[in-house]
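Worksheet: the structure to be examined is printed underneath.
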Amino acid sequence: MEPLVQFFFNLLPFLSDWPEWLALTVIGVAAAIMMFGFIAIFALIAIWLERKISGHMQDRLGPMEVGGWHGWAQTIADTVKLLVKEDIIPEKADRPLFKLAPMIVFTAALSGFAVLPWSSEFIPADLDVGLLYILSISSFAVIGILMGGWSSNNKWSLYGAMRGVSQVVSYEIPAALALLAVIMSAGTMSMRGLVMAQSGNILDWNVFNFFPLTTIAFFIYFIASLAEVNRTPFDLPEGESELVGGFHTEYSAMRFAFFFLGEYANMFVVSAIAATVFLGGWLPPFEALGFIPGPLWFVGKALLLVFVQMWLRWTLPRLRVDQLMYTCWKVLTPFSMAIILLIGLWKVL
Amino acid sequence: MTAQEIHNKIQEKFPDTIIEFNDSVLQPFIKLTANQFNEVCQFLRDTDGLDFDALMNLSGVDYGEELGTVYHLYSMQHRHKIVLKVNVTRENAEIPTVADLWRTADWHEREVFDLYGINFTNHPDMRRILLPDDWEGYPLRKDYVQPEVYNGITIAHPDMKGDSDEEK
Amino acid sequence: MEANQILFIAIALLTILSAAVVAFSNKIIHSAFALLATFTGFAMLYIYLSADFLAVTQIIVYVGGILILIIFGVLMTHRIYSTAKKTAHNSILISLLGGLLALGLFLFIISMYPWAPTVVKDFSPTTAVIGTEILSGYLLPFEIISVLLLGALIGAIYIARQEDKEK
Amino acid sequence: MIQLNSFLIISAIVFSLGLFTVIYKKNAVGILMGVELILNSVNLNFVAFSKYVDAHINGQLVAIFIIVLAASEAAIALAIILNIYRDRETIDVTQLDEMKH
Amino acid sequence: MKKSNIPESQFELQVPDSLKTEEMTLSMGPQHPSTHGVLQVILKTDGEIITSAKPQIGYLHRCFEKHAENITWHQVIPFTDRLDYIASMNNNLGYVIGLERMMNLEVNERAEHLRVVVSELNRIASHLIALGTYGLDIGAYTPFLYVFRDREKILDLFEEICGARLLYNYIWVGGVAYDAPDGWREKVLEFCDYFDPKVKEYNDILTFNKIFIERTANVGVIPAEVGINYGVSGPSLRGSGVDFDLRRDDPYSIYDRFDFNVITGKGEMGTVGDTWDRYWVRVAEMVESVKIIRQALENLPEGDAKETVPRNIKVPAGEYYMRTETPRGELGFYIISDGSKMPNRVKVRSPAFCNLSVLPAVAPGVMIADLVAIIGSLDIVLGEVDR
Amino acid sequence: MRQYFKNIYEAIATILVGMGVTWRHLFTRAVTIQYPHVKRTLPERSRMQLFVEMDDCIGCMACERACPVDCIEIKTVRGGKDEDLGQTSNGQKKRLHVVQFDIDMGKCCYCSDCVFPCPTGAIRMTPEYEFITYDRSTLLTKFATYSPEEISELEERERKEKEAQAAAKAAKLKAAEEAKKAAAGTDEPKSE
């Protein structure tokens, strides 16, 4: 709690004169709004980027019309369109759950932002169990997906939901194990502590720390995180060629937008975790580059990983369900376990 | 193997089944009776030297008084073809199926049933295939009259109604 | 009243009301999804009790594991593609009676004894303490529970796949 | 100040609701949910006592063991329920009575 | 020798009673992203596993055969365009050659060469779509755009020679509708040079991608005898290892003059006859088509391609079954003429129709994702299935 | 076991190869044309909208007969005896008033079958493709320039001419008959 409060007190000195509970409430709400704003802006930019990147990778141009320069306002236009679209709820759908599902998915994504360390000063909540918290939050998204898929009363949605659940639950294991390898070497689960443990230059980052063990752990985490946020090649829950739209087949208008927003927020969260845990968070690669502020490094690293996610998406085909499980249980999990074992040995010896 | 030889082979095995054999047209054909048709086809498919393992095409034809089905057989092994024809009367349009011999025939026979109303006996799944199940009549018969309404939907567009045929 | 207390009451209400939905809902799937709120409510209560590690564990295990198992159980044992399914119940009177009796008993006991806190602890991270304790004082239960978990895992797989053996 | 009592009362209410659920539901999965409610309310008691009465965090440790137990219990129970469902096409506990005879 | 019949239920998945959970009936299509049009498949599934798949067709039925009986011989040609709208040139060719053989008509050399060139170009265009949509079915989006980029070049060539991009009405009885414009030959050659390296690009991004191979190899295996029995033809049959190509084995036009290989599936990545083999046959066939185009253009004679086109077509009474190798397989026109100016009967034996009929045989036992892969690998065009 | 590691290696290697392809394409020039701003020049043979040069049309109906979908509707009225309707561009003399020449582009299948039989090259397909409308009826293009009054006038005249012709014919026939009768015998009494 302290760093954030300190940050806000520095920013707005008059807050410290207010009663404590009021100041804390204001700070909490302000931080939440900042995060929400960040998600919204990030999603706008990321969706535009995704379209441009996919366009150029496919010898196209992507959006070019709306807003003038390279169609920068296309996503805004689409958001407006989604806002004014008719909100369709299937007649036989389970209405309360149907309405709740996108909120849960989005809330889960938003909650993840609570522990992201933007810089040494600005961490909304520097929990002692920060990393574990993020892992636990992803189970909410699973329930949201299941809720949406089931309440749509559509068989394809249900298939998508079932796939989504089995996928996310399975891939949590290699992801957690890969992170555990780093937790073991750093000796803390606090996001701030994890970054602090990597201070120095680029070679002190966790990704190179126990070369090549943590490097492999990084790739394992990256692959597993792709699966957790349902991105290609693991986009089976929404695999459009098989399941039409997967769990969000029946969603339209703003409810669909919330699923979409949730997906992009999740993309950023997993990239940010990878950046924090493996790539040194807000730290610059070399001391000489220290004049660039920390949040820029942090966001830059996360965006780089988001770009790689997009790059993969526009390159790869989709896996099948059994291959997905094979990859998880027979490739990623044993490898991550072996890495934990080896890092343990390394630490002991 | 030429058409004549194929004809002779069938003649030898099934003496009463061949109605007509014509070797002078572009593609020689053998016209058969319906009653032993499945056995003849089995013979054609399974006899060494004939080995007609592929049914290229199966089509219904409306000859006016009679309906007929034409089978184009091909042997992948020997690269020879033969055309079989079976004619039936309009009133009693029944032909034994060959879907058990060539699975190609399965859907093709359904199509012929759909469009000509020829019933293929012993076919596993004799339903309409292209038209809706509740369609009335068999459109490819020459005496078919297009209904004006189907399930409350007007079929002929007002502009198009019946003008194409007379004018030409 | 402080913001803290308002929040606490809200959480308590969330927990109790969602538990009531679990109990009274006619649709079993609604009960299952209401459990999500109950479990989350408990996790938040643990935070009030300075048990941060436990709160996170609660969510990981209950929401990420048990709840999904339960929902899958519901989906697999019902016509899963119809949302309108309702379930039959026993007599509500007897059940209410049982529930109320228990509640009365507990409230009576709670009111009988002055539950004054004997220690006052501020918040301190518990992860390290729990880790140390499990590997020292609670080593035996830890080992036993590990074996139990393993046994349960194998047992569950065995029971669910019994047909293969029959074949 | 939030007192120990408040937690105990919440726990008592949820426990009774859990008990009610166990008696009320005919559906085996529903009963399982009731059991989970009961286990949770017990957990809450342990943690509350750990905070207010216990000098150490023994309560929390017990709660962790209970969570693990609950997980294994849920897994086994659901495996059994699935098995019963496959055999009998029902998981209504009132109809699963052939052991009585 | 008694050969065994292939029973309908041979492939029906037998799930032991004790393992049976509730079966779910799913209607895949007619509005579904990967049914390649308005195909509907009624699926019965046990979890992700399909126990039976029954295609329901006819949503795009346009009464081609009835229509053809009411218009003149020549007017049928634009309608053949619309059968397999991805490879219209090949459809034109089949119908026209059928008529020419019935009329005993000689076609001039230049027209014959042009016919071969456009048919092969159209084959490439069609296979490109097959590749792209197959990638899309598997989940890869980018190859789809790459193949469309290259197909666009072929369409430009077509537009230049006949004015249309999709429905050409180009090959006419006795010749072709238009002669090639100046410089067209060079442009086609240029395209050939451009196209060869592109195949490597497709291979890099899709064909030899491990995920793609895992998704397609050993999936939806159609054994050779099953394929023949079901009337599967074209690349789908060659994928099962049957060395049979009508261009070589029942030659028409001037295909017997060219030197090209018939590609067959060899099971390089899995079993012979799996979806990867069918896919690979298409990729390799495009290279062969380029070879044919090069040869045909080298020998392209000077002259007027239109000189032998008759003004009024009268087809002598008779009947003929003409089959040609379209990108999808054996396209047969069974034409009956009674000597008048309109056909008595034009029956289309459409390859996609027969290829699709094998689906109920291979689908049971695969997963939903595999079913999509199988439908994609059969490369059906609903315009031709339903006619 | 070897297969296991080989699979992993192959997966990584081929994914990297694929990523290389997309990476290269990220920097290649896009092939898209920004349609309303940039327009392709279509080859002259492009078959888009039909156009009829009415001055060249002699009303022979060849195109209407050739059309497989009946999207052309032509009505003609014969010209007067001494009326000069002018000549087509290839020197053919026009004899008919083409009072109606409607092409329904909504029905047209763009096969260009109508273009070839035209003896004067009056009907042709143009590379004009931007004729999208909100109303289907606007796709019906009327090429004839006659006003309804003119048409009815012409039709009236034709009817009269026809009648006159028929009358003349009848008279001729009658005359012939009478002549025949006269030749056959004069003794018979004339009726009335």
Side-chain angles (χ1 to χ4, degrees), chain B residues 25-27 29 42 45-49 51 53-64 68 70-72 74-77 79 81 83 85 98-108 110-112 114-115 124-125 127-133 135 139-142 144 146 164-165 168, chain E residues 1-3 5-9 54-61 63 65-67 69-72 75 101-102 104 224-226 228-233 237 242 244 249-250 318-321 323 330 332-334 336 341-342 344-349 353-354 356-358 360-361 385-387:
Chain B
V25 289
L26 281 168
Q27 287 172 327
F29 66 85
Q42 176 118 32
R45 191 189 72 170
D46 294 345
T47 311
D48 283 330
D51 289 313
D53 49 2
L55 174 66
M56 291 190 287
N57 184 27
L58 190 163
S59 50
V61 184
D62 186 348
Y63 294 108
V70 182
Y71 301 78
H72 293 80
Y74 184 69
S75 169
M76 287 281 186
Q77 196 179 334
R79 305 277 150 101
K81 314 175 187 176
V83 182
K85 289 188 176 183
V98 289
D100 52 339
L101 304 169
W102 299 286
R103 304 277 339 146
T104 330
D106 185 344
W107 280 21
H108 277 106
R110 278 178 67 188
E111 190 188 317
V112 172
D114 192 355
L115 303 173
D125 186 19
R127 291 183 289 133
R128 285 189 183 271
I129 185 166
L130 292 172
L131 302 179
D133 285 341
W135 192 268
L140 275 185
R141 288 190 180 187
K142 296 282 184 193
Y144 175 75
Q146 185 184 339
S164 56
D165 292 1
K168 295 211 173 78
Chain E
M1 184 181 70
K2 178 91 175 97
K3 287 171 193 162
N5 292 345
I6 292 171
E8 193 189 26
S9 59
K54 287 223 157 85
Q56 306 285 319
I57 60 174
Y59 289 95
L60 203 59
H61 183 51
C63 327
E65 289 167 14
K66 184 75 183 169
H67 216 132
E69 292 172 12
N70 293 310
I71 46 181
T72 61
Q75 285 177 340
R101 289 200 182 166
M102 288 174 84
N104 207 8
E225 63 272 21
V226 173
I228 292 172
N229 201 287
Y230 268 91
V232 176
S233 53
L237 185 64
V242 181
F244 183 71
D249 297 320
D250 196 354
E319 54 182 62
Y320 196 75
Y321 175 70
R323 53 177 188 165
E330 174 185 332
F333 283 97
Y334 176 51
I336 304 180
K341 59 181 183 176
M342 288 195 258
N344 188 339
R345 171 96 170 98
V346 178
K347 152 86 187 175
V348 182
R349 183 259 190 228
F353 181 78
C354 299
L356 181 63
S357 73
V358 82
V385 174
D386 293 342
R387 283 155 291 153

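The structure displayed is predicted, hence computed values, not measured ones.
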Check: B/V61 and E/K347 side chains under 4.5 Å, non-hydrogen atoms
no
If one checks every heavy atom of B/L131 against chain E at 4.5 Å, the contacting part turns out to be side chain
Here the gap from E/R387 atom CZ to B/L115 atom CG, rounded to the nearest 0.5 Å, amounts to 8.0 Å
Between E/N344 and B/K142, the two heavy atoms sitting closest are O-NZ, 2.8 Å
In this structure, NE2 of B/H108 is separated from OG of E/S357 (nearest 0.5 Å) by 8.0 Å
Whatever's closer than 4.5 Å to a heavy atom in chain E on B/L58 counts as backbone
OH of E/Y320 to NE2 of B/H72, rounded to nearest 0.5 Å, is 9.5 Å
Does E/N104 have more than 12 heavy atoms from other residues, nucleotides or ligands lying within 6.0 Å of its CG? no
**Prompt:** Is B/K81 close to E/D250 at the side-chain level, that is, under 4.5 Å between some pair of heavy atoms?
**Reply:** yes
In terms of heavy-atom contacts, E/N229 and B/L101 come closest through ND2-O, 3.1 Å
Between E/Y321 and B/Q27 the two heavy atoms that sit nearest each other are N-OE1, 2.6 Å
Counting heavy-atom pairs under 4.5 angstrom with chain E, the leader among B/W102, B/W107, B/Y144 is B/W107
Nearest heavy-atom contact between B/P139 and E/K66 is O-NZ, 3.0 Å
Residues E/I228 and B/A54: closest non-hydrogen pair is CG2-CB, 4.0 Å
Checked E/E65, E/E69, E/R323 vs chain B; the most non-hydrogen pairs under 4.5 Å come from E/R323
CG of B/D114 to NE2 of E/H61, rounded to nearest 0.5 Å, is 7.0 Å
Whatever's closer than 4.5 Å to a heavy atom in chain E on B/R141 counts as backbone
B/M76 and E/L237, any side-chain heavy atoms less than 4.5 Å apart
yes
Those residues at least two apart in sequence (or on a different chain) that pass side-chain hydrogen bond (donor to acceptor under 3.5 Å, both in side chains) with E/Y334 are E/E319
Turns out that what part of E/L356 lies under 4.5 Å from chain B's heavy atoms comes down to both
Honestly, the part of E/V385 sitting under 4.5 Å from a heavy atom of chain B is backbone
All heavy atoms of E/C354 vs all of B/T104, minimum pair found to be SG-CG2, 3.9 Å
Requested in this report: Could you walk me through whether E/R345 and B/L140 pass side chain to side chain contact (heavy atoms under 4.5 Å, CB included), step by step?
Outcome: CA-CA 9 Å; E/R345 171 96 170 98; B/L140 275 185; 3.6 Å; yes
Sorted by chain and residue number, the salt bridge (charged side-chain N to carboxylate O under 4.0 Å, His left out) partners of E/R349 (sequence neighbours excluded) come out as E/E330
